[in-house]
Amino acid sequence: MRAVRVTGGPETLAVADVAVPEPGPGEVLVEVHAVGVNQLERQVMAGARLGGEPAALPRTVGIDPVGVVVATGGGRADDLLGRRVAVKPNLPCGGCRFCREGREADCTDQTVLGVHRDGGAAEYTAVPARAVFPLPDGVPFPVAAAAVHSVPIALHMIRRGGGVRPGDAVLVTGATGALGCAALQVATALGARVIAGALEGEPTGELRDLGAEAVLSYGAQDVAGLPGAVRAHAPDGVRLVIDATGSGPLIEAALDALGWAGHAVFAAALPGAAVTVESRPFYARRLTLHGCAAADNADMRDGLALLAGGRVRPPVAAVHGLEQAGAAYAHAGRRDHLGKVVLQVRPEPGSRPEKERSCPPPWTTSA
Ligand SMILES: [Zn+2]
């Protein structure tokens, strides 16, 4: 089968022939239809550690495949045969204290598909059955691939920050990325008023269509005006900040935009990024800052359910064929697009064969 392999740094990414994997006990074989192209993999290719063991190379990348279960290693996994499924990127250990409490996002011994074991940027992938979740009917595979990683984490971030009630003001920074778009859509679906923030030059034109009440732009080194701009729309400050950038200055500015007892949750970790917190206002205003790197199984189930009704339908920035993986990862590394770059491994039923094309914005047809 064809698979996207890395043997070292990002320059070694290439499509190669490898054996179809065999599902072991408790595993399923997924015929992959689409998979997201993620910054996380780019960081790993560049040598970043994700905690735990480093990625063993060579490795098939692809953390969030979607497809159809075509074989199993037996047991209860047989119930999944023939199902359209999404694979959860973070594989919890199932045995630690956090897993036993249903807090799989905080599992102390989790591994990541495509990093610690071969991933789903391939024609087939073998994964633990407990990492596989049925997809709602009517969600095209490329849209599902754009959602699998981002929507559950966005939902987890909102829940981690205490949830939102209808009318609550939420600031989403890094709103044009896949996670930012998902956070914007999920928070809006839950009734929040979302202020979307993005760097100057990023494509913010569609953010209002995704539900943003206001869109703010700022320079990479010039975020001092952000709290004031936020308070022009939310005079008491926001209840929740979702930061999808991991930028220290941006998180610091966003903390200043929080209202009383507000929560800020950040999910992207830039190497070397530092956040400086002035302790007294942080204490006096009862603020909370959370780090978030994964989702619980419940977030996965509930996030996929949000797709079913069309209330959340993350934008697909572009669809590339498997053989164009190099171009796809280069595309994902740029800031000129809104939402997720997707690799389409098999053509969607009824569509023309993929080379490289832009996908029509699927959210424009959502309810
Ligand atoms: Zn665990």
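These values consider heavy atoms only, across backbone and side chains, with no hydrogens, waters or symmetry-generated copies. Computed from a predicted model, the values in this text were never measured in an experiment. All ligand and atom numbering here is 1-based and tracks the order in the structure.
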Student: According to the interplanar angle, ranging from 0 to 90°, do the rings of His320 and His331 count as parallel (below 30°), tilted (30 to 60°) or perpendicular (above 60°)?
Tutor: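 Geometry flag for His331 against His320: perpendicular rings.
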Student: Counting no waters, what protein N/O/S atoms lie under 2.8 Å from the Zn ion (ligand 1)?
Tutor: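 Atoms qualifying: Cys93 SG, Cys96 SG, Cys99 SG, Cys107 SG.
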Student: Could you tell me which residues satisfy side chain to side chain donor-acceptor pair (under 3.5 Å) with Glu202, sequence neighbours excluded, listed by chain and number?
Tutor: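 Per chain and number, Glu202 pairs via side chain to side chain donor-acceptor pair (under 3.5 Å) with Thr176.
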Student: Give the table of side-chain donor-acceptor pairs shorter than 3.5 Å for residues 193-200, with sequence neighbours excluded, one pair per line with atom names and distance.
Tutor:
| residue | atom | partner | partner atom | Å |
| --- | --- | --- | --- | --- |
| Arg193 | NE | Glu213 | OE1 | 3.0 |
| Arg193 | NE | Glu213 | OE2 | 3.3 |
| Arg193 | NH2 | Glu213 | OE2 | 3.0 |
| Arg193 | NH2 | His233 | O | 2.9 |

Student: Applying side chain to side chain donor-acceptor pair (under 3.5 Å), name anything that partners His33, two or more places apart in sequence or on another chain.
Tutor: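 Per chain and number, His33 pairs via side chain to side chain donor-acceptor pair (under 3.5 Å) with Glu31.
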Student: Between His149 and Asp64, do the side chains contain a donor N or O and an acceptor N or O under 3.5 Å apart?
Tutor: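 Checked: Asp64/His149 side chains show no N/O donor-acceptor pair below 3.5 Å.
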Student: Before accepting this row, confirm whether a basic side-chain N of the pair Asp106/Arg160 lies closer than 4.0 Å to the acidic partner's carboxylate O.
Tutor: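 Here Asp106 pairs with Arg160 in a salt bridge, since their nearest N and O are under 4.0 Å apart.
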